[in-house]
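Here is the structure we will look at.
Predicted model, so just to flag it, every value in this text is computed and none were measured. In what follows, every heavy atom counts, from backbone to side chain, and hydrogens, waters and symmetry copies are set aside. Just so you know, ligand 1 is whichever comes first in the structure, and atom 1 is the first atom listed for that ligand. We count residues from 1, following the sequence as given.
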Amino acid sequence: MTDVPGISPLPYTFLGPEGTFTESALLLVPAAADAQRVPSTNAASALSMVRRGEAFAAMLPIENSIEGGVPATLDAISNGVELRILHEVVVPVSFVLVAKDGVRLEDITDVGTHPHAWAQTRDWFGEHLPHAAHVATNSTAAAAYELLGAAPTFQGAVCASLVAQRTGLKVLAAGIEDNTGAVTRFVLVGGSEFLPEPTGADKTTLSIPLPEDRPGALMDILEQFASRGVNLSRIESRPTGQFLGHYNFSIDVDGHIRDARVADAVRGLRRVSPGIRFLGSYPRADQQAPLIRPYDSDEVFAEADAWVQSLLR
Ligand SMILES: O=C(O)C(=O)Cc1ccccc1
């Protein structure tokens, strides 16, 4: 495994088209801001580009503080050829409602946007356009561009103000997010040959199939983290699609796979759920170092290992 190279000859891809919040997040990564960037239609096609070696890495939204995980991203990284999260970016987002010239607020019956943008503006629409129906699009910018197409299926779109500026669409309302403190987390996903170096403030993402349908199965998973003092910062279940009641747990924990306590938890998880996927260890956006109990430090793990080895000699 190698550290992430600074410069790549391959392009970066992102949930497009141009003007998505995901593109703005990608531009915050210095190496990507200087590289070629190619939009993808959805998470699955972005990751296919990486898997085929046509893109170095893909930037995708993974979670926000209002609606939780982004299912399309969680599913696309948990299935198929293994990939690694290399980097995360956390940004606040603000939305505008746009329409073509001449369309008034009261003319809007249907609104196109990404499901997470709709979830973050629900109260505003409840108050100002209570009868408006949501039409789901692959991204916010895709909705805005559809308004300019031949046969839009909605009259209004929720997107970034940047898209309104670029397209000339009229802003009918700005700052329509219900919660001004809401943030979205984006991840840069690359090939499984990369592993960013530990920084002391890292995150590890895992996808763990619930081993079998029996009492305590989830407890067995969680116990692996608890007993090594590994803190969870996100846990979500997604159906595997195989049969009803079969779930993958998508989990973020504090720490790097090179931290002894995280590696030991992952070893335990491999025994409990052999289908576990390691989806990467990467620096935390907020640079917050975790609290580690004295007996969960690398040194104490190493001492315990050495002691057992000495017993076997
Ligand atoms: O659709 C976009 O612009 C995206 O980048 C996805 C998204 C949607 C809503 C909030 C944050 C990101």
Worksheet, complete the sentence: In this structure, atom 9 (C) of ligand 1 is nearest to the protein heavy atom Ala117 N, 3.7 Å
Worksheet item: With distance as the sole criterion, is a donor-acceptor pair present between the side chains of Thr205 and Tyr282 under 3.5 Å?
Response: yes
Worksheet entry | Geometric N/O contact Thr20 with ligand 1, under 3.5 angstrom | no
Worksheet item: Once the angle between the rings of Phe56 and Phe194 is folded into 0 to 90°, is it parallel (under 30°), tilted (30 to 60°) or perpendicular (over 60°)?
Response: perpendicular
Worksheet item: Could an N or O of ligand 1 be found under 3.5 Å from any N or O of His116, whether backbone or side chain?
Response: no
Discussion item. Give me the nearest non-hydrogen protein atom to atom 4 (C) of ligand 1 as residue plus atom name, then the distance to 0.1 Å.
Written reply: Thr22 OG1, 3.4 Å
Item to complete: Consider ligand 1: state whether an atom of it lies below 4.0 angstrom from any non-hydrogen atom of Asn64.
Response: no
Worksheet item: Salt-bridged, Arg185 to Glu88, with N to O below 4.0 Å?
Response: yes
Response to the item:
among protein heavy atoms, the one nearest atom 3 (O) of ligand 1 is Thr140 OG1, 2.5 Å
Item to complete: Can you spot which of Asp254, Asp202, Asp252 makes a salt bridge (Lys or Arg N to Asp or Glu O under 4.0 Å) with Arg284?
Response: Asp254
Discussion item. Salt bridge (Lys or Arg N to Asp or Glu O under 4.0 Å), that's the test. Do Glu236 and Arg238 meet it? Break it down for me.
Written reply: CA-CA 7 Å; Glu236 273 165 298; Arg238 293 287 307 147; over 6 Å; no
Practice prompt. For atom 11 (C) of ligand 1, find the nearest protein heavy atom and state the residue, atom name and distance (0.1 Å precision).
Written response: Thr184 OG1, 3.5 Å
Practice prompt. Please work out which of Gln120, Glu23, His114, Glu67 has its closest non-hydrogen atom nearest to atom 8 (C) of ligand 1.
Written response: His114
Item to complete: Would you check if the side chain of Glu23 reaches a backbone N or O of Gly19 as a donor-acceptor pair within less than 3.5 Å?
Response: yes
Worksheet item: Are any of the N/O atoms in Leu15 less than 3.5 Å from those in ligand 1?
Response: no
Worksheet entry | Plane angle bin for His116 and His114 - parallel if under 30°, tilted between 30 and 60°, otherwise perpendicular | perpendicular
